[in-house]
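In what follows, a single structure is set out as structure tokens and then discussed.
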Protein chains: 2
Amino acid sequence: MKFEKILVAEDQEMANISLRRTLEEYQLPAPHYAYYCEHALTALKIALKDEQPFDLLVTDLYFQEDGSGKQLPDAKALIKAAKALQPDLKVLVFSGEGKAAIIRSLYDDYHIDGFVRKARGDAQELKSALECIAKNQRYYGREFRSLAAQENQHTFTDYDRTIIRLLAEGHPQKDIPAWLEDHQIQPSGLSTIEKRLNLIKGAMHFTKNEQLIAFCKDIGIL
Amino acid sequence: MKFEKILVAEDQEMANISLRRTLEEYQLPAPHYAYYCEHALTALKIALKDEQPFDLLVTDLYFQEDGSGKQLPDAKALIKAAKALQPDLKVLVFSGEGKAAIIRSLYDDYHIDGFVRKARGDAQELKSALECIAKNQRYYGREFRSLAAQENQHTFTDYDRTIIRLLAEGHPQKDIPAWLEDHQIQPSGLSTIEKRLNLIKGAMHFTKNEQLIAFCKDIGIL
DNA sequence: AGTGAGCTTACGGGAAACCGTAAAAAACAC
DNA sequence: GTGTTTTTTACGGTTTCCCGTAAGCTCACT
């Protein structure tokens, strides 16, 4: 899938160099811009009516208030309205927001497809996010992961760390049960180990052991 | 396999707390000690003659000279003589030596089964080494790996880093060819990727991708 | 052009990992 | 004690990975 029509909702007209450059690099069609929440929603409606709907909305979270009749206080309302209007619309939030609970809520309650924080390295992350979303997958990026760590969405037990360490040392996981028995660590069944790893990876939205190792190195538990 | 009879060659009588403690922890039989190279060799010979041979020699590299007729200048000679005498004897070198070329030579020319450097964390490493050797595998530990990095035994190309990064991000390696094509990176064949990974892992004595990821995180190329 | 060396790729068999299901065991409540 | 829930383990089918072999391609040199 390739994005055909992109809408960028962003009130800082001069900002977002990362965003523009990234879109250009990808040779994506020039996006349409909206500088107010309401305008963004209107643009979506018109496009849909004309049967040339947008397929991606990139939006900031907060907009300056402009005194006018504000039907839409912030981007959350925009996202909710947009998704109601056009359920298949992909939504990527690109914002400076860093609070864990808010980002989590965006994923859980507003069903956004990705969140990238405006910060150092955001261009690189935008790339990954766009690729991911283009493949119809939600993008769980750096922010999401670090907040996962903060929130202790998964707290690593000694048992977890042992298993992960063994993997990082190159033990095939089929050999781990024997090792655990040798060291009188329970439980030692292969199924249990697999289940545990799945639990951890699932909580983190990881799919592969390699990811898990990298993550554990990053947060320093290995 | 479990070690039945251990010989420790070490001239610093009071040193090696790590060593003793580790051996105790493992509930291994109390080792025999030799304080001179010559004594160590003699002990090996006698044990062999009595048909109760040692199965593990743990030795330092350098011994103080004692003026007497020194048939064996250092542990290298001891190792060579010992291996000639009893080829199945396992040899673990435990020394403060840090020079890359020397350690490499021990592995390559003297066929030692493991090297652990006297340093912070050596107790932990001794454990791993003992386990590894008990399984009839050579132990390639921290030292060996870092010297591999120093020596640039393998220099990571951009291509290598790309592949490894993709793995660390959770891409199944079967999907990597497609990704590389999308990004116009050549070569993109799955076989080539596998071959490349094998080359890297081989040079590093790694067996699993998880190890490679951990290593790359450690030396900071990820 | 022809040929050989080196790099790239395709293919196929076997091992390991993945994943769902269900049995066995342990922990707990009553 | 019995019954229930939770944890642990075993099993089987599918996918992915691993690894050796061989075929295809590129490039340089004659």
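Letters A, B, ... mirror the listed sequences (proteins, then strands); counts begin at 1. Owing to the predicted nature of the structure, the values given are computational and were not obtained by experimental measurement.
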Residues [X] and [Y] bridged, charged N to O under 4.0 Å:
X: B:Lys118; Y: B:Asp122; result: no
X: A:Lys90; Y: A:Asp55; result: no
X: B:Glu131; Y: B:Lys135; result: no

Quickly work out the [X] [atom1] to [N] [atom2] distance and round it to whole Å.
X: A:Glu181; N: D:dT8; atom1: CD; atom2: P; result: 15 Å
X: B:Gln186; N: D:dT26; atom1: CD; atom2: P; result: 11 Å
X: B:Ile176; N: C:dT8; atom1: CD1; atom2: C1'; result: 17 Å
X: A:Leu180; N: D:dT7; atom1: CG; atom2: P; result: 19 Å
X: B:Lys195; N: C:dA10; atom1: NZ; atom2: P; result: 12 Å
X: A:Leu212; N: C:dC18; atom1: CG; atom2: C1'; result: 15 Å
X: A:Arg196; N: C:dC18; atom1: CZ; atom2: P; result: 16 Å
X: A:Leu190; N: C:dA16; atom1: CG; atom2: P; result: 12 Å

Step-by-step ring pair (Phe, Tyr, Trp, His ring centres under 6.0 Å) determination, B:Phe115 to B:Tyr107 = CA-CA 8 Å; B:Phe115 179 94; B:Tyr107 277 103; 7.2 Å; no
Would you say A:Lys5 has more than 12 foreign heavy atoms packed within less than 6.0 Å of its NZ?
-> yes
Going by distance alone, is a donor N or O of one side chain under 3.5 Å from an acceptor N or O of the other, for A:Gln173 and A:Asn209?
->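 Present: a donor and an acceptor within the cut-off.
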Output a table of nitrogen or oxygen pairs between the protein and nucleotides 16-19 of chain D separated by less than 3.5 Å.
unit_1 : atom_1 : unit_2   : atom_2 : d
D:dT16 : OP1    : B:Lys174 : NZ     : 3.4
D:dC17 : OP1    : A:Lys208 : NZ     : 3.2
D:dC17 : OP1    : B:Gln173 : N      : 2.8
D:dC17 : OP2    : B:Lys174 : N      : 3.0
D:dC18 : OP2    : B:Gln173 : OE1    : 3.0
D:dC18 : OP2    : B:Gln173 : NE2    : 3.1
D:dC19 : OP2    : B:Asn198 : OD1    : 3.4
D:dC19 : N4     : B:Glu194 : OE1    : 3.1

